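Working notes, structure below.
The chains referred to below are lettered A, B, ... by the order of the sequence lines, with proteins before strands, and numbering in each begins at 1. Remember, it's a predicted structure, so these values are computed and weren't measured experimentally. Below, all heavy atoms of this structure are taken into account, side chains as well, without hydrogens, waters or symmetry copies.
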2 protein chains.
Amino acid sequence: MVKITDVARRAGVSPSTVSYALSRKRPISEETRQRVEAAVRELGYRPHAGARALGGSRSNVLALVVPLRAGIDVPVVMRFAVSVVTAARGHDHDVLLLTQEEGEEGLRRVADTALVDALILMDVQLRDPRLPLLRSLGRPSVMIGFPSEATGLTCIDLDFRAAGEACVEHLAGLGHRVVALVGSPPEVYVRGTAFAQRVVQGFTGAADRAGLASAVHPCEATPAAARRVAERLLREQPALTGVVVHNEAVLEPLVDAFARLGLRVPGDLSITAICPDALAEGLRVPVTSIALPAAEVGARAVELLMRKLAGEEVPEATLLPPRLTRRASTGPRTLA
Amino acid sequence: MVKITDVARRAGVSPSTVSYALSRKRPISEETRQRVEAAVRELGYRPHAGARALGGSRSNVLALVVPLRAGIDVPVVMRFAVSVVTAARGHDHDVLLLTQEEGEEGLRRVADTALVDALILMDVQLRDPRLPLLRSLGRPSVMIGFPSEATGLTCIDLDFRAAGEACVEHLAGLGHRVVALVGSPPEVYVRGTAFAQRVVQGFTGAADRAGLASAVHPCEATPAAARRVAERLLREQPALTGVVVHNEAVLEPLVDAFARLGLRVPGDLSITAICPDALAEGLRVPVTSIALPAAEVGARAVELLMRKLAGEEVPEATLLPPRLTRRASTGPRTLA
DNA sequence: TTCGCCCGTCGAAGCGCTTCGACATCGGGC
DNA sequence: GCCCGATGTCGAAGCGCTTCGACGGGCGAA
């Protein structure tokens, strides 16, 4: 193994100079640095990760905790993971993969052994048991998703309020005047899930600003509930022509229910959703939708972590702008 | 941070004794060990990973290289990854996630910096450019999948020959006397892909042993090709009642083609496949199939690596027994 | 000219752990 | 009763890197 002293000898300098030349933590003359870099190249020098971590108290490794739970969209998780790894490499860091299963003990372990410098958590729960731990870990962390109470921590996610707004604005732009939001199950709002409420706020606010008539309907995650909501919508808002769905589980049954009620999409009814692209694309009528920008979230999460590692202050909450993908389910209001 | 000297002081022994007590690399009296362990618990001691790696020249980290390429079945990859992480944790190791994108340079980097002790590669190509690198890396590695030439390396995968056999035996057991294999595209056989040829060998051998009439049909990965193969099968083997499909891309079109030709499954034709469970389950007629046992492959890969790290010799090739899942697509031969 | 300063470099002291050799103690075999 | 080999423990020497303090030389200011 070639070590720093070998490089030093070859370049005719001391080991500390080599270290400084490579880390640029102290001024080194251009000429000396050139010689050092040449020696590094010629010898194929690679600093020993363990030694570096021990000496410099930085391992240059991030922990990424991925969820396993049922109901998780695996391809989305994978996209997060890949974007995190790629972004981390861009900052000269590697990524250690932890499974949710390892739980708090796993987090504590990798943090306490200084195996990692910082952590990224995915699939954060509203009342996530790991929050107090994160606060006391003594290492920077970023959560992908928003728990109900995250003071002192850092979160990043899609801006669900803007997503709600974007859906409404899209419909308004197509001429729709009466819209409805089919939302999450009632208990989600009761628990105060941040992202669900944000959607409602965005939806309602945008509808008001655009002068649309609007209504919000929470909906259980069952096909039967979807059917009931569909019927109720038509009864209570006979002039309804635009629907926003923020409830993955009922999107398909809801579309079916509308069809069974004799409504054509988008002829009679335009539908937009906030859901994974795969779901929106796979339906009989592909649905105009806003998806979670996994790649961007991952990259930004890493960036936040790097800034925290550098001692910078970062915002507690980062919200990413939604992007709406037009598909077959939305069209201009037809004046029947 | 609590360090080994703190533990030593508390337990009233020297640091080296603590080290030996914990690693059990030298005999330590039961009583002393108890005291050391108590001190560890009371102080919440965690050995510093970097120091450990530096002192002991073992980082206790494995690298896992996951594929990104198009056409990759992401959930399957994820299942591999999770099983590798879980198995690694069972051996007190962590897992560093590398993306295929990083390429050979990434492998060299994590190996040369001693960030990892050993490597696991997924999605191995037949003539994988990384093979010579693996041989020269000076660290143990295991490949999931078989390249065409892997002397001196270690591979593990599903036993595709046995999978071919199992399909035939299942059909033979149901009374079928004339069977066909719809295989991979011709060029796959031309290139000598190990796993494709193994399936053919297993299929043919088992058919011969069972006294069945059999034929093998390579098939391009297009719906049109699937239709052509379906027609040809019926023309050339009029008495055909059993089909084995080893070509994910054409399974669905092939089933459709048979339906369009007026054959009912499994009434007229029994079909088995070697493909991911999700695909087999998702078809109109769920297909009896043999899937890649991702969890087991991952766990075994880690085990092989651990044995190599321990200096043991391990077999170059490990083949896992296939397991056939019965679904609706196979039934007894009906004597029309 | 001299003082003080900054630039560029060096030497040495760790970082926290493992491991090697040494040493003391204790039995058992002759 | 003595020697020898286990057995159990200790001290010290690294592992390869970073970093701190120091130092010499050059330069601008006084």
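Contact between A:Y45 and A:V2 at its shortest, heavy atoms only, is CD1-O, 3.4 Å.
Following rounding to the nearest Å, A:R24 (CZ) and D:dT19 (P) show an atom-to-atom distance of 16 Å. Rounded to an integer number of Å, the gap from B:L54 CG to D:dT18 P is 12 Å. Rounded to an integer number of Å, the gap from A:R35 CZ to C:dG8 C1' is 12 Å. Distance CD1 (B:I28) to P (D:dG8): 8 Å, rounded to an integer number of Å. Rounded to whole angstrom, the span from the CD atom of A:E30 across to the P atom of C:dC7 amounts to 16 Å. Nucleotide D:dG14 holds its P atom 17 Å from the NE2 atom of A:H48, rounded to whole Å. Computed from coordinates, the A:D6 CG to D:dC15 P distance equals 12 Å when rounded to whole Å. Here D:dG14 presents its C1' atom at 18 Å from CZ of B:R52, a figure rounded to the nearest Å.
Taking only side-chain nitrogens and oxygens, A:K25 never comes nearer than 4.0 Å to OP1 or OP2 of D:dT18. The phosphate of D:dG8 (OP1 or OP2) has no side-chain N or O of B:T32 nearer than 4.0 angstrom. Within the structure, every side-chain polar atom (N or O) of B:T17 is placed at least 4.0 Å from both OP1 and OP2 of D:dT9. Using a 4.0 Å cut-off, no side-chain N or O of B:K3 falls inside it from OP1 or OP2 of C:dC17. The phosphate of D:dC15 (OP1 or OP2) has no side-chain N or O of B:S57 nearer than 4.0 angstrom. Under 4.0 angstrom from either OP1 or OP2 of C:dG16 there lies no side-chain N or O belonging to B:T5.
Classification of B:K308 and B:E312 as a salt-bridged pair fails, no side-chain N sitting under 4.0 Å from a carboxylate O. Under a 4.0 Å N-O distance rule, the pair A:E37/A:R24 qualifies as a salt bridge. Between A:K3 and A:D6 no salt bridge is recorded (no basic side-chain N to carboxylate O distance below 4.0 Å).
The 5' end of DNA chain D is approached more closely, in terms of each residue's nearest nucleotide, by B:V18 than by the other of A:A51 and B:V18.
Residue-to-nucleotide contacts include no donor-acceptor pair under 3.5 Å from the side chain of A:Y45 to the base of D:dC17. Contact annotation: side chain of B:R26 to base of D:dT9, donor-acceptor pair present below 3.5 Å. In this model, a side-chain donor or acceptor of B:Y20 finds a partner on the base of C:dC20 within 3.5 Å. Judged by atom type and distance alone, B:S16 reaches the base of D:dG11 through a side-chain donor-acceptor pair under 3.5 Å.
No side-chain donor-acceptor contact under 3.5 Å links A:H91 to the backbone of A:H93.
Counting non-hydrogen atoms under 4.0 angstrom, A:P27 reaches a base of the nucleic acid.
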